[in-house]
Every structure is written in structure tokens, then in C-alpha cells.
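Worksheet for the structure shown next.
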Amino acid sequence: MYKTTRSEAWKQLQKFSRSVESYQSQRNYVRPKHTNVSRLSPVIRCRLIDEYEVARWLLDQYSFPKIEKFIQEVFWRSYWKGWLEWHPAVWDHYERSLSEVSMGICGSEQQKTMDQILAAEGPLDIINEFVTELKETGYLHNHARMWFAGYWIHTRKLPWQLGADFFYQHLLDADPASNTLSWRWVAGLHTKGKQYLARASNIEKFCDYPSVNKEQLDEALANTTESFVDSNAIVNPVLDSWHQTTPPKTDEAYVLWLHGEDLSFWENDVDLGRFPPKSVIAVIDQRLLNGHHVSNLRQTFLTEAMQDAVDRISENLGVEAKLLAGDLAETLLAESKRLGVKQVFAINPAVGPLRQQLDRITKELNTNGIRLETFRRSRDELIWPLAKKGFFPFWQSMKKRLRSGFLEEGGYRIALCD
């Protein structure tokens with residue numbers, strides 16, 4: 001169902017573009033096969049194609065007002081990433097609290113309830129179907145995700161962190177920002193006074209799955225109430241300032257580290273044509289993935305997407321490019337020594353598990369006389385700072401940029417990927 005090559009992703013975008021004008025009126029309906037939405041989120045998440053390309057290509061075909069809603073939804077992912085860059089303590093707090101609540105419910109009635117739901121053996125058929133679909137395909141429609149999260153938190157009174165972790169394990173498009181912050185929003189921890197409850201009438205109206213049972217929904221959701229939000233749990237400390245990064249400039253040999261957070265490089269991000277890397281290395285760190293219980297399906301998707309990026313780099317740049325498996329620090333060190341280079345460059349991973357590994361990787365490389373330098377994409381550097389507060393002011397700023405030629409600046413051909 002999901003594409004793991006750039007060329008397949010482009011074909012999917014082109015196919016979806018024929019119905020993009022009806023997206024706003026049809027997007028909320030949850031239908032089998034999901035033909036009313038783009039299903040591009042997994043490839044956008046790892047940037048086989050990215051938000052800017054999708055927006056630029058569609059805006060070449062349609063006027064902004066006709067497709068604004070779809071473009072807006074695409075840039076929610078950018079907003080969440082930028083917001084978490086401003087509020088990195090939120091991710092740290094989530095990881096700590098995940099461990100705490102896991103131990104806290106062990107052996108309890110809550111644990112039994114959770115296990116029943118995650119085995120798709122709960123009392124609500126539509127929720128069981130969502131669980132099965134997520135495990136088998138790595139995807140859920142956004143509206144289904146909201147219903148599931150609302151049911152988990154406010155109907156069954158389960159810890160939101162454990163639901164977020166379940167999604168993170170299985171969703172092909174899950175990233176620390178979009179997934180974690182969306183669950184916090186449903187729980188009422190992101191926006192004061194805002195919680196999302198699963199309502200029987202809403203599911204009956206918008207869900208076309210055969211398992212929707214009106215009587216069952218009415219009974220199961222009748223007593224849904226907003227969960228108590230502990231004000232001490234709302235941890236949103238914001239950084240004082242934005243730490244800007246710039247692409248490295250060098251005439252010395254270097255290794256380019258390609259990771260699953262970003263599988264593309266723009267021409268104005270890295271001057272690869274003038275001075276290409278000696279080698280491009282992508283690494284699958286099994287221990288890191290297993291440590292976060294990432295599903296086999298999601299691991300396979302990531303591996304295939306990274307392999308596609310490596311193959312295209314090798315073909316287009318004519319440099320050595322390969323996908324390796326092993327500990328990130330040890331693999332990058334071994335390859336740097338093999339090639340006799342003293343520099344490793346990489347796109348800076350957004351806040352999340354991979355970012356948490358950077359200090360360890362940097363220290364191990366530095367100990368052996370090798371410098372690791374990371375930097376943000378030039379367009380990320382421009383728009384992520386806009387995400388300090390709410391989505392509405394972010395989107396107003398984004399609209400101005402989109403209408404003023406923001407996407408045309410520096411071109412939009414990707415040197416490594418076309």
C-alpha cells in the first residue's frame with residue numbers, strides 16, 4: 001500500500017493531485033482504502049519527498065485558495081517539528097513519564113484494559129478494526145487516530161503516553177513531534193481548555209467502515225467525560241532563543257551521513273556538485289529501533305526507503321553510497337577510518353530518539369580525531385522558528401511566504417534525488 005521509493009511517491013502525488021480540489025470537503029471521511037486522502041504521510045515523514053516539494057508542485061497546478069486546506073495539513077508536520085524544537089523538554093518529559101506510567105499500571109485493571117484493546121479484543125468493534133489496520137498496514141486515517149486517542153484517554157481512562165507509544169511503534173509516518181504532540185493535544189496538555197473526545201455521532205457520520213455499530217457506539221461512548229488534567233503535567237518550557245545552523249563549507253574530504261529523519265538534500269543546503277562527499281553512509285541501528293519497540297513493518301519501510309535514497313545517490317552523484325547495519329557511532333567511526341576522512345556532515349535530526357544519540361556519536365568521533373557537523377535544511381531554518389506558539393499565527397506567516405515566492409528561492413530541484 002505504501003511507497004518506499006521516490007519515483008513511486010511522485011506517482012502517488014500526481015495521482016492524488018487529480019482530486020486535490022475535493023480534499024477539503026472529503027478529508028474527514030474514513031473510508032476503506034482511503035482514496036479521499038493522499039496517503040503520502042510516510043514518504044513525507046522520512047522526506048523521500050518533502051513538504052516544500054509537495055506544496056510547490058501542487059501550487060504550479062492550482063491556485064492557492066483551491067488547495068489551501070491540503071497544503072495547510074501538509075505543513076502541520078513542519079509546525080509540530082518546529083514547536084518541539086522550541087520546547088525540547090516536552091519530549092524529555094514524555095519519555096520519563098512513559099517509563100513511570102508503564103511501571104505504575106503494571107498488573108492493574110488498567111493494564112488488562114490496555115492489553116485487551118491492543119490485542120483488538122476490546123468491546124468496541126470499530127476500535128478493534130483500527131488496531132488491526134494499524135498493525136497490518138502501518139497507517140490510520142487522521143480522523144481515526146483522533147477517535148482512537150479520545151477513546152483511549154477519555155473513555156477508557158488510560159495513560160496517554162502508552163497510547164502515543166503504541167502509535168509510535170506502528171505508524172509508518174510517526175515522528176516524535178507530530179505523534180507525541182497530537183496525543184498531548186487530545187489529552188488537553190497542549191492547548192489550555194482543549195481536549196478531544198470520541199463522540200458516537202461523529203464516528204457514525206464520518207466513518208464508512210462496516211464495523212460501525214450505532215447501538216454499540218452509543219452504549220460504549222455514552223459516559224465519556226473529559227479526563228482530569230493535572231496542571232503539573234503541562235510541561236511546555238520554551239527556549240529563550242533560536243540556535244541557527246548553517247551548511248558546512250569545506251574543501252576537505254568528508255563522509256555524508258544520511259539518516260531516516262531526512263532522505264533528501266537540496267542544492268542550496270549542501271554544495272555537493274562542487275565538492276561531493278567521499279562516501280555517503282546510511283545506517284540502520286537495530287538496537288535504537290528495538291529500544292523504542294518499532295514494529296517490523298515500520299523497520300522494513302524505513303530500510304527500503306533508505307536503500308532507495310542510497311541507490312539514487314550512487315547513481316546520480318557517482319560516489320560510493322551504501323546502507324549499513326550497526327551501532328551508529330561505531331559504524332560512522334569505522335567508515336571514516338576506512339576512508340581516511342576527518343569530517344562527517346549530516347542534516348541535524350529533529351528532537352527525538354536520534355537527536356538524543358548525537359552527543360554520544362560526537363564524543364566517540366571526536367575522541368578519534370573526527371568532527372561531526374550537523375545543520376538544518378535552509379527552508380527548515382526559515383520556517384521552524386515561526387512555530388514558537390500556536391498553529392494559527394504560524395500558518396498566517398506561512399501563507400505570506402508561500403504567496404511571496406518562498407518556494408521558488410534557490411530552486412527546488414534536489415541534487416541527490418532526481
Side-chain angles (χ1 to χ4, degrees), residues 1-3 8-45 48-80 124-127 129-134 136-151 167 171-174 178-179 182 185-186 194 196-214 217 221 391-392 394-395 398-399 402-403:
M1 184 177 181
Y2 295 101
K3 314 304 181 184
E8 289 174 335
W10 268 112
K11 290 176 183 176
Q12 177 66 24
L13 173 60
Q14 291 163 358
K15 180 181 179 181
F16 170 71
S17 70
R18 295 194 286 270
S19 59
V20 68
E21 289 180 285
S22 64
Y23 174 81
Q24 182 167 350
S25 63
Q26 298 298 312
R27 58 184 286 269
N28 284 330
Y29 289 93
V30 182
R31 296 166 175 153
K33 298 185 178 180
H34 308 294
T35 55
N36 55 318
V37 292
S38 74
R39 292 163 292 161
L40 288 168
S41 56
V43 293
I44 294 174
R45 183 266 179 268
L48 275 176
I49 58 176
D50 68 30
E51 307 95 308
Y52 312 114
E53 289 183 280
V54 171
R56 169 67 188 272
W57 193 82
L58 288 173
L59 289 170
D60 281 346
Q61 323 297 319
Y62 300 96
S63 65
F64 185 83
K66 289 184 176 181
I67 60 171
E68 178 179 353
K69 188 58 182 177
F70 179 72
I71 300 299
Q72 183 185 78
E73 291 301 311
V74 168
F75 279 105
W76 261 100
R77 185 172 298 274
S78 304
Y79 167 73
W80 285 133
L124 198 49
D125 290 343
I126 187 60
I127 294 297
E129 186 164 355
F130 290 157
V131 169
T132 300
E133 180 180 2
L134 176 56
E136 291 181 353
T137 71
Y139 180 81
L140 276 182
H141 186 287
N142 186 61
H143 215 158
R145 299 181 197 198
M146 294 169 66
W147 292 328
F148 183 94
Y151 174 76
F167 272 23
L171 282 171
L172 301 184
D173 61 26
S178 297
N179 185 62
S182 294
W185 182 82
V186 171
K194 290 287 184 70
Y196 183 87
L197 279 63
R199 302 292 191 189
S201 58
N202 191 254
I203 298 174
E204 291 162 14
K205 177 179 179 180
F206 288 105
C207 189
D208 292 341
Y209 283 22
S211 58
V212 172
N213 181 305
K214 184 179 187 305
L217 281 168
L221 301 177
F391 181 78
F392 182 75
F394 168 84
W395 183 241
M398 275 303 304
K399 284 203 294 187
L402 290 169
R403 286 170 166 165

Exercise: identify the closest heavy-atom pair between Lys205 and Tyr29: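 Residues Lys205 and Tyr29, closest heavy atoms: O-CE2, 3.7 Å.
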Least distance between heavy atoms, Ile71 atom then Ala55 atom: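 That closest heavy-atom pairing would be CD1-CA, 3.7 Å.
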Do the non-hydrogen side-chain atoms of [X] and [Y] ever get within less than 4.5 Å of each other?
| X | Y | result |
| --- | --- | --- |
| Tyr23 | Ile67 | no |
| Trp80 | Trp76 | yes |
| Val74 | Leu58 | no |
| Trp147 | Ile126 | no |

Test side chain to side chain donor-acceptor pair (under 3.5 Å) applied to Asn36 - qualifying residues, sequence neighbours left out: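 Testing Asn36 for side chain to side chain donor-acceptor pair (under 3.5 Å), a comparison that skips the adjacent residues, returns none.
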Any side-chain donor near an acceptor of the partner, Gln14 and Lys11, under 3.5 Å: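 Judged by distance alone, the side chains do not pair up.
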Exercise: do Tyr209 and Glu133 side chains pair donor with acceptor under 3.5 Å: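 Note: Tyr209 and Glu133 side chains meet the donor-acceptor criterion.
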Atom pair [atom1] ([X]) and [atom2] ([Y]), whose distance is rounded to the nearest 0.5 Å:
| X | Y | atom1 | atom2 | answer |
| --- | --- | --- | --- | --- |
| Leu13 | Glu8 | CG | CD | 14.0 Å |
| Leu171 | Thr137 | CG | OG1 | 8.5 Å |
| Arg27 | Phe206 | CZ | CZ | 9.5 Å |
| His34 | His141 | NE2 | NE2 | 7.0 Å |
| Asp173 | Leu40 | CG | CG | 11.0 Å |
| Leu221 | Leu197 | CG | CG | 9.5 Å |

Residues Glu51 and Arg77 bridged, charged N to O under 4.0 Å: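 So Glu51 does not pair with Arg77 through a salt bridge.
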Cation-pi check, Arg145 onto Tyr139 ring (under 6.0 Å, within 45° of axis):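 The answer is yes, since Arg145 meets both limits relative to Tyr139.
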Sidechain-backbone polar pair: Ser19 side chain, Phe16 backbone, donor-acceptor under 3.5 Å: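 Present.
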Sidechain-backbone polar pair: Gln12 side chain, Ser38 backbone, donor-acceptor under 3.5 Å: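 Judged by distance alone, yes, a pair lies under 3.5 Å.
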is_close_aromatic(Phe148, Phe130), centroid dist under 6.0 Å: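 Between Phe130 and Phe148, which both carry aromatic rings, the centre distance is not below 6.0 Å.
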Parallel, tilted or perpendicular, as decided by the 30° and 60° cut-offs, for the rings of Trp57 and Trp10: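 Correct class here is perpendicular.
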Whether Phe391 and Trp395 hold their rings parallel, tilted or perpendicular, with breakpoints at 30° and 60°: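 The arrangement is parallel - the two ring planes meet at less than 30°.
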Crowding at NZ, Lys66 (>12 non-hydrogen neighbours, <6.0 Å):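 No.
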Residues, nucleotides or ligands: over 12 heavy atoms within 6.0 Å of Gln24 CD: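 Count not over threshold, so no.
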Name of the residue among Leu172, Ile49, Val54 meeting side-chain contact (heavy atoms from CB on, under 4.5 Å) with Val43: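 Checked Leu172, Ile49, Val54 against Val43; only one passes side-chain contact (heavy atoms from CB on, under 4.5 Å): Ile49.
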